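Okay, so here's the structure we're looking at.
Whatever order the structure lists them in is the order used to number ligands and atoms, beginning at 1. The model shown is predicted, which means the values in this text are computed figures rather than measured ones.
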Amino acid sequence: MTQPGGFDRRLSTQVRSRIDSTNWTYPARRGVFPEVRVFGRWWSVAWLGVLGAIGLLSLHIFSVWLLEMPGGQAFVERYSGNPAVPLPGVQGFPEWLRWQHYLNLMFFVLIARAGIQILADHPRLYWNRHCTPGSEWFRFQIPVPTDRDWTARDDAVTLPGWLGLPGLRHSIGLARWWHFSIDLLWVANGVGFIALLFATEQWRRLVPVSWEVFLQAASVALQYAALQMPHDDGWVRYNALQQLAYFSVVFVAAPLAMLTGLAQAPAIGNRLRLVSKALHRQTARSLHFLVLAYFLFFVMTHVAMVFATGFRRNLNHIVMGTDASDWSGFGWGMAGLGVIAALWAVATPLTLRRPDLVRRVGQALVGRISLLMEWWDPKLEHAEQEISPYFWHNGRMPAGPVFDAQVQRGFAEFRLRVFGSVERPADLSLAELRALGFAEQITEHFCIQGWTGIAKWGGTPMATLIAHVAPRPGVRWVAFYSFGEGSDGGRYYDVHSLDDMQHVHSLLAHEMNGEPLPVRFGAPLRLRCENQLGFKHVKWIEAVEFLEDYHQLGLGRGGYNEDHELFGFHATI
Ligand SMILES: Nc1nc2c(c(=O)[nH]1)N[C@H]1C(S)=C(S)[C@@H](COP(=O)(O)O)O[C@H]1N2
Ligand SMILES: [Mo]
């Protein structure tokens, strides 16, 4: 429908109520087996298995030898492996602890699967914030091709549906709803767990109170490695190695997972210099992944040890809360694992059958938190020498004779159309826009897929444009319409709050790194809005509309990716 101002929005209203792999916008494309770069060369992580096996075997031989030496014997006699302090009053496993232990596993499984899915959207990890191709230390994708246009979306890989949640290539919108919603439940469970540990005496099991724990743990490790199981009584207390392992999982790894997760948010990274300096998104993302690796390693060894050290009693402890040696703990434990396995099996099919349900539940759980983060004006700027040598790009270029002709003539005839609920609608050339006001900023870009890059942007501050057109009272939203289409057809667009557009760094950019904005990066105009993820920075802007309400646009969710890829509207995390 043509607007009073003569602008045809051409937004797609095509609803996809369910997804199957044949109608998903991004056809399947496999990555490669994970690789790690060490000494400038890429090694398959399969070598880790070989190395691990050799390491374990050597450790075993060494420990057997050491325990036969007089010194080794004396060490193990002196440090038997138990924490020094007796544990008065702590015995057995109360019901809350057993349930929280179980829920923790249930949540972890879903969080890990959705997390791996998010990783697969940019299947590379870096220690530098520029994400320069070739500088990654981990990848499960081929080197970035240089012989063709390769967008960040081209880089995403498909995962098997049983592993990734939901597995499809570039299904990060759905994966994020799972990851963040279950995170909330997991954090609530963990906070409750820690509170109850300290409200009772149970913390004494987990928290070492003497440095001797390291010597005691070394003794346990030695005995385990020599396959001489120490005499333990987990009903009364953990041995020192267990204590350290459980302590590290609860009090180190879990908080680190939270911290490195939050540090990846644009609203935080572009606001807090401390986070941006010490824990920028790529460090945070790499550490977040290493924490996952640690959790997985822990779960595997933990389960192996439960079985190696008397599984019937161990399972009675943690499932039934009894110190018996009958089969009930094993039976109920397997039933509990069966429930988790069933949840595992239905998570992907459910997500594909009811994508909008996943989005709505996620929105209800975490929507408010991402909205809260819009309070902050992201003011952080970087120095010239921090500008990234390579900047990833994304999005489908506008096609067609009208746009091509504009490019040919250097956008000399381009007019930005500003309309909607304003006192003074405008049609502005690039020169007129520039005359309204010009600002430059060196900021970091955060794509939802995981990569970042720093660039200098020059253009007209949105606040200046807003003052120029004078929105009517009641205007709360600003929509940006691209010349280009989205991946599924229909015009690419996105909506921002008027408040966000008043931030110092909300900019209609027509320069990048001191040069006219290249077409690939959004010429004639692209938006910068630094507390939001990259997909909200509309490129190739043709028109801007001021609105009281945006629900009449497209599918009513406030943007192309919100409508078609189930992304959240408040993209601050
Ligand atoms: N018109 C349009 N604008 C778009 C997109 C798109 O697909 N179409 N992709 C967005 C996404 S997902 C990102 S991360 C940034 C990428 O900006 P860059 O190509 O300059 O790095 O552009 C955003 N703007
Ligand atoms: Mo993006």
Please tell me whether Y550 and F569 form a close aromatic pair, meaning their ring centres lie under 6.0 Å apart. yes

Cation-pi between [X] and [Y]: NZ/CZ under 6.0 Å from ring centre and within 45° of the ring axis?
X: R526; Y: W457; answer: yes
X: R176; Y: F180; answer: no
X: R169; Y: W24; answer: no

For [atom], what is the closest protein heavy atom, and at what distance to 0.1 Å?
atom: atom 12 (S) of ligand 1; result: R153 NH2, 3.2 Å
atom: atom 14 (S) of ligand 1; result: H445 NE2, 3.3 Å
atom: atom 17 (O) of ligand 1; result: R526 NH2, 3.2 Å
atom: atom 24 (N) of ligand 1; result: H537 O, 2.8 Å
atom: atom 18 (P) of ligand 1; result: K539 NZ, 3.4 Å

Considering only heavy atoms of [X], which atoms of ligand 1 have at least one such atom less than 4.0 Å away?
X: C447; value: 14 (S)
X: G534; value: 10 (C), 11 (C), 13 (C), 14 (S), 15 (C), 22 (O), 23 (C)
X: W451; value: 14 (S), 21 (O)
X: S482; value: 1 (N)
X: F391; value: 21 (O)

Side chains of F480 and L508, heavy atoms from C-beta outward: is any pair under 4.5 Å? yes

Have a look at ligand 1 and work out which part of [X], if any, has a heavy atom under 4.0 Å from it: side chain, backbone, both or neither.
X: H393; answer: both
X: Q449; answer: neither
X: F446; answer: neither
X: Y560; answer: neither

Hey, are [Y] and [X] close enough side-chain-wise for a donor-acceptor pair under 3.5 Å?
X: H170; Y: E565; answer: yes
X: H570; Y: E374; answer: yes
X: N128; Y: H130; answer: no

Proximity winner for atom 21 (O) of ligand 1, if only heavy atoms of W392, F535, W540, Y492 are counted: W392

Option of least heavy-atom distance to atom 7 (O) of ligand 1 (set: G395, A571, A509, G453): G395

Looking at R354, I want to see if its CZ is surrounded by more than 12 non-hydrogen atoms of other residues, nucleotides or ligands under 6.0 Å. no

Is there a side-chain contact (heavy atoms from CB on, under 4.5 Å) between T460 and H510? Walk through the geometry before answering. CA-CA 8 Å; T460 308; H510 47 77; 4.2 Å; yes

